Structure formats: C-alpha cells, structure tokens
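Notes follow the structure.
Note on naming: letters A, B, ... go to the chains in the order of the sequence lines (proteins, then strands), and numbering restarts at 1 for each one. In this text the structure is predicted, and so the values were computed from the model without any measurement.
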There are 2 protein chains.
Amino acid sequence: MARLPIYQRIVLTWIRRGINRIDSPTLGRLAGVAPATVRRDLSYLGPLGTRGAGYDVDVLAKQIEEVLGHDRIYDVIVIGLGNLGRALVNSENFLISGARLVGLYDASSAVIGTSINDLTVSDVNGELAPATIAVLCVPASEAQVVTDKVVASGIHAILNFAPQVVSVPIGTAVRYVDVSIELQILAYHLTNGTGPLGGGVIHTLGISRPVPPLSA
Amino acid sequence: MARLPIYQRIVLTWIRRGINRIDSPTLGRLAGVAPATVRRDLSYLGPLGTRGAGYDVDVLAKQIEEVLGHDRIYDVIVIGLGNLGRALVNSENFLISGARLVGLYDASSAVIGTSINDLTVSDVNGELAPATIAVLCVPASEAQVVTDKVVASGIHAILNFAPQVVSVPIGTAVRYVDVSIELQILAYHLTNGTGPLGGGVIHTLGISRPVPPLSA
DNA sequence: GGATGTGAAGTAGTTCACAGCC
DNA sequence: GGCTGTGAACTACTTCACATCC
C-alpha cells in the first residue's frame, strides 16, 4: 500500500510525457519492485490492465487516486516551527496530494505571531484549528503532551518527527520519521553488509533491490 | 533491526535516570511493540537477560551499541542545502549516533561559499569529500544524477529525501524519507480505517499498536 | 506473442506458549 | 513467582509459474 503513491507519481510523469501505456516490468523497474509485485498490488484495485498490452496510464492514475482518497482535501496543522517545521511548511513536496495547511503552532513567544507562508503561528497552548492530520516537529520531551493535546482536539492521524514513541488511543494512526534512526540503519548495513539481522535488503518504502538504469 | 535504535534510546534514558534493570513488557510498552518481539529481537544479540529479572540496562546498551556499530564514526555529507538540508544540518538529532558531518554541497551559486555550522558549502560539481553516507536533499529532477556522482565517489549508503526512486549498483544501500507519501498513507487510513490493503496497523519503525500511558 | 491476474509456493516477520532458570 | 529464551504456529508479504485473454 505504501507503494501506491510511488506508482502514482510515475504514472503521472508518464501522462505528462504523453505516453499512454505502461507495463508491470517497466513500472516495477522505475519503482524498484518486482513485476509480479506490481501486478499483485494493482490487482487489489480491480482488473485494470489489458493482457498483452499493460496498463492504460489514465485508468491507473484514476484508480490509484480514488483508493488513496487523493481527491479529498486533508486539513493539516504543523506544531513546532523550528528549523524542521519551517522547512516542511516551505517545501513544495509537502502540499501535493490534497493536503491543505490550516494552522501553525509553537510554544515559543519568539515564534508566535510570526507569519510563514501566509499563515500566522499561534500559541500551541491555545485552541487548535479543526484538522484531520497533525505534523509534530517538537522536541522529544514535548512529543507526548503535544500528542495528547492533538488527540483531545479530535485529530486521528499524526506524523511525528520527534525521536520519541508516543502513546495514542486505539483508532489513532501515528507514523514516525526519524532521521537519526535512518542513519543508524545505513551505518549498520555498511559494517554488516549482508549479515544476519535483516542484512542485504534495504527498504523503506518498498524499494528493496537495485534498479538497473533506465534511459528514458 | 530498525527497532534496535529505539530500544537503545529508551535504555539510555533509563541509565540516565539511574534505573538499572528493565524487562521486556516495559521496554515493549515504551517502544510500542509486543514483549515477545522485544525478547526475540534481543535474543539475536545473545542471551543478555536474567530470567525472572529482566535485562541489565548497561549490558543492553553496550550490546546494542556494538551491533549498531555505534562506536564507529561515520562521515556524512549533505547535498542540497535548501530549507530541508539546512534544517537537517542544524538539527541536534542529526549528529547523534556517531555521524560526523564532513561536507556540504549545493548547485546554486547563491549558496556555495556560505557557511553553515562551521562548514563551508562547496560546489556539487566539484570533487566530493571522502565519506561513508550521503544525505540527498536535492530536487527530484536532480536525484539520479547526484546519486550517480555520489556512487562514483565511492559512497555506498544514501539517505534520499527527494521524492524519486533512484537506481544504484548492487551493494549500495538507499533509504527513502518522503513526507508526502507519509501524509498520503495517513490520509488513506483516515478514510479506509481498518479496511483492506493493509488497513488498521500503522507502522513505520515497528510501532504498530497503541501504547497504554506510562506514568514514569 | 506477450502481458495480465492469480492460485500456490516460498519467505520473512510476528506472536504464542512453555520449558528453563533465577 | 516472574521473566527470559526459543521451538512451533501463525500471519503477512513476496515471488513463482501458468492459465487466460487481448
């Protein structure tokens, strides 16, 4: 399922280039997964392909968009506007995929009241705007209290950049992005090559094997 | 294996607090994993625990440190010093775990020559400093050429923040951090709850179930 | 011919359940 | 009693291989 956005991105570039069919070996090569895996993944969306001729890119894009809820708009708040929070808010990758920034929050009086990207930063101790996803860029020590506040405000999905596992009620989704862990995993693979403990295969988003270069 | 750094972090806070034993249910609760999983994970490091009494935190920390290669120093270069690259370089989480910043690179003449964190940004078209890990914060359109250059310079581990799957030779590890994919996955879980396509379970770093609050 | 879609096989990772030990 | 360490069961995911269809 984490691969669908990757397929989507590839299919959209195909559409932009005016190519209207793609087959599973090609899509797999570009996404870094085996052809059979591509077919299995896409088969969950229904029988979209044409045997012998691959997939129509428009049909694919439409189906993936639907299952990802890409047509809906998601209201996102960002809490913690230090270096990382500001970088995210200013990043163009952030707002693709139907996300809409509706609130910025921080605890520091030096930041509260400043404007970033047409939004004014509010005090995190005040009320939070209604939203569906919260992005936490707060220090680890604050992660749990902020999480509790976010949950209390009715948000059920959290993207946590703090290096801290947080506790949430059942029904609330949390995903973690932790740069230092990523570096440690890479460091492990450098020393232990294809050793025990899951050596060899490297993957975060389903990208697991070296991809041969593609000219196109 | 991605869980070892999490265990390590928890164990280190335990040590800092002066508590010298921890058992698998507690460690599991704090890390967001089942006790049996904790024991299975730790058993790969050898029989470290004491039956009936849990694990000695010093022994645990030492063993995890060893298997993570945490005692070694890893030379890291960062390529692309836009908002995200600068935020990472300035972040304190970045340099824990034995990583040492040895080079900064960008393509823009406006950035080349400026100093960040006592390091001067060099031209990415010049020679790259010898390093073991490269962090890419470049636009997606540049990701593959920069990757090729990084690989050619002898680096075998890449952390890629660009929303672009890159192709590398066998033996080179790539990990991806893609914020927009994370948001899309969260959005999917919001609409599809515990549906098909891997619904229900939310996990990035092995954190998969709600953790009951812990007072300590 | 050539690619899809899918049962079946294979693989990886998790959890159970309990013997062994403190 | 309580917790570790681990064979065995289970679950999820990936890949094979081939019948099916364009």
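Taking the side chain as every heavy atom from C-beta outward, A:Tyr7 and A:Val33 approach each other to under 4.5 Å.
Residue pairs meeting the side-chain hydrogen bond (donor to acceptor under 3.5 Å, both in side chains) criterion with at least one partner in residues 145-164 of chain A, sequence neighbours excluded, are A:Gln144-A:Asp148.
When each of B:Ser24 and A:Ala36 is assigned the nucleotide of DNA chain D bearing its nearest heavy atom, the one mapping closer to the 5' terminus is B:Ser24.
For the OP1/OP2 pair of D:dT14 and a distance below 4.0 Å, the side-chain nitrogens and oxygens of A:Thr37 include no atom meeting the criterion. Not one side-chain nitrogen or oxygen of A:Tyr55 sits closer than 4.0 Å to the OP1 or OP2 atom of D:dC22.
For B:Ala53, the side chain to side chain contact (heavy atoms under 4.5 Å, CB included) criterion is met by B:Arg21, B:Thr50, not counting sequence neighbours. Every residue two or more places apart in sequence or in another chain that forms a side chain to side chain contact (heavy atoms under 4.5 Å, CB included) with A:Leu48 is listed here: A:Leu45, A:Tyr55, A:Val59, A:Leu60, A:Gln63. Remark: A:Asp58 engages no residue in a salt bridge (Lys or Arg N to Asp or Glu O under 4.0 Å) (not counting sequence neighbours).
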Please enumerate all protein N or O atoms sitting under 3.5 Å from an N or O of nucleotides 18-22 of chain C, with distances to 0.1 Å.
unit_1	atom_1	unit_2	atom_2	d
C:dG20	N3	B:Arg51	NH1	3.2
C:dC22	O4'	B:Arg51	O	3.4

Taking distance alone, no hydrogens or angles, what donor-acceptor pairs closer than 3.5 Å link side-chain atoms of residues 76-88 of chain B to residues at least two apart or in another chain?
unit_1	atom_1	unit_2	atom_2	d
B:Arg86	NH1	B:Leu81	O	2.8

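Counting to the nearest Å, the P atom of D:dT4 and the OH atom of B:Tyr44 are 17 Å from each other. Straight-line distance from the CG atom of B:Asp41 to the C1' atom of D:dC3: 17 Å, rounded to whole Å.
Between the base of C:dT15 and the side chain of B:Arg40 there is a donor-acceptor pair shorter than 3.5 Å.
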